[in-house]
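Everything below concerns the one structure shown next.
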Amino acid sequence: MVEIPSKQIKTKEILDWQGIHLIHFSGSSCSQKLRIYLNFKGIKWQSHSVNIATGQNYSNWFLGINPRGLLPVLVDGGRVIIESNDIIQYLENKFPQPTLISEDQQSSMSGALQNEDDLHIDIRNVAYKYMFGGLGAKKPENLKRFENYKTDADKITLKHKQEEVDFYKNFKKNGITDEAIKKSLANFEKHYKIFDQQLQNQKFLLGDHLSALDIAWFIYTYRLTISEFPFKQKYPNVYKWYNLLYARNEFYKEVKPPFIFYLVRKISLLKAHLSKTAIHNFVS
Ligand SMILES: N[C@@H](CCC(=O)N[C@@H](CS)C(=O)NCC(=O)O)C(=O)O
């Protein structure tokens, strides 16, 4: 579990917060995943929004909490936990009911969630190409502030920070290339092929009960669906599973985009069609 040691936290005020607090953003996929999880668990939490679209995650206040510059962050009575899947596993341990990771799933769940997290850069490629258009680019002054931010965090954190900086520099220079999209979709398809077979005989990814794994994969499937990935034709059981989840308010209310984002996506998709780079061109 990735927990930030309190001696590393520069934004000291959060260490005095009582109860469960979530630092998140409405449109961030990992925040959406966590909020859906919290909806099902019925856990009471306090909200602190950090707008990644305007660069608030590169403010001293936020970097003083998570020097990786990433959301979401859970603060629980002085403990600071990052990484959405780690937060889910932490909360499941603390609030076992209603169960979203059963006892017999515990050992396999952490590997399954790790596999999901390993595809984060792939969903980012899809989102930056088909959902955000050019709007995902970071303002140079924000990126510079992030890059120059002094932290005494561990090597892994510094590596993650550098990966973030490199992604946005590369995005500004090259956009999301066709090659990157092709590779990312192939990574997704490896998993969806297996899920589609499993979902032939069961309602959810791990059997007949909803689990944290369904919640995690719902978010990727949502982003791919609105980017026009042809689930209905290629993975019909995944398509059915996804629609069943999407129809539930616990899921739907967290991903429903404001009109402006809907519009930006429609323009990005139109541009992709006109340049013959719509998602179906890259599906195996
Ligand atoms: N593996 C991390 C990924 C966190 C992540 O990449 N968060 C994104 C939002 S989904 C973020 O904060 N991005 C910062 C930005 O876009 O500036 C997790 O699961 O929490």
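One-based numbering, in listed order, for ligands and for the atoms of each. Note that this is a predicted model, so its numbers are computed, not measured.
For Tyr58, every heavy-atom contact with ligand 1 shorter than 4.0 Å involves the side chain, none the backbone.
In this structure, atom 19 (O) of ligand 1 lies nearest to the protein heavy atom Ser84 OG, 2.6 Å. Nearest protein heavy-atom neighbour of atom 3 (C) of ligand 1: Cys30 SG, 3.7 Å. Of the protein's non-hydrogen atoms, Leu70 CD2, 3.6 Å is the one closest to atom 13 (N) of ligand 1.
Of the polar atoms of Leu71, at least one N or O is found under 3.5 Å from an N or O of ligand 1, judged by distance alone. At a 3.5 angstrom cut-off on N or O pairs, Tyr168 counts as close to ligand 1. Backbone and side-chain nitrogen or oxygen atoms of Asp117 are examined, and one is located within less than 3.5 angstrom of a nitrogen or oxygen of ligand 1. Inclusion of Asn57 in the set of residues having an N or O under 3.5 Å from an N or O of ligand 1 is warranted. The shortest N or O to N or O distance between Ser29 and ligand 1 is not under 3.5 Å.
Cation-pi geometry between Arg124 and Phe167 is satisfied (NZ or CZ under 6.0 Å from the ring centre, within 45° of the ring normal). The cationic group of Lys234 does not satisfy the cation-pi geometry with Tyr192, failing either the under 6.0 Å distance to the six-membered ring centre or the 45° limit from the ring axis.
Between Tyr58 and Phe146, a ring centre-to-centre spacing shorter than 6.0 Å is recorded. In this structure, the ring of Phe195 has its center no less than 6.0 angstrom from the ring center of Tyr235.
There is a side-chain donor-acceptor pair under 3.5 Å between His24 and Ser47.
Between Lys169 and Glu147 a salt bridge is recorded (basic side-chain N to carboxylate O distance below 4.0 Å). A salt bridge links Lys159 with Glu163; the closest basic N to acidic carboxylate O contact falls under 4.0 Å. Residues Glu83 and Arg68 are paired through a salt bridge, judged by an N-O separation under 4.0 Å between the basic side chain and the carboxylate.
Here is the list of ligand 1 atoms found below 4.0 Å of a heavy atom in Pro72: 20 (O). For ligand 1, the atoms closer than 4.0 angstrom to any heavy atom of Arg124 are 6 (O).
Evaluated by nearest non-hydrogen atom to atom 1 (N) of ligand 1, the leading choice among Glu83, His120, Lys138 is Glu83.
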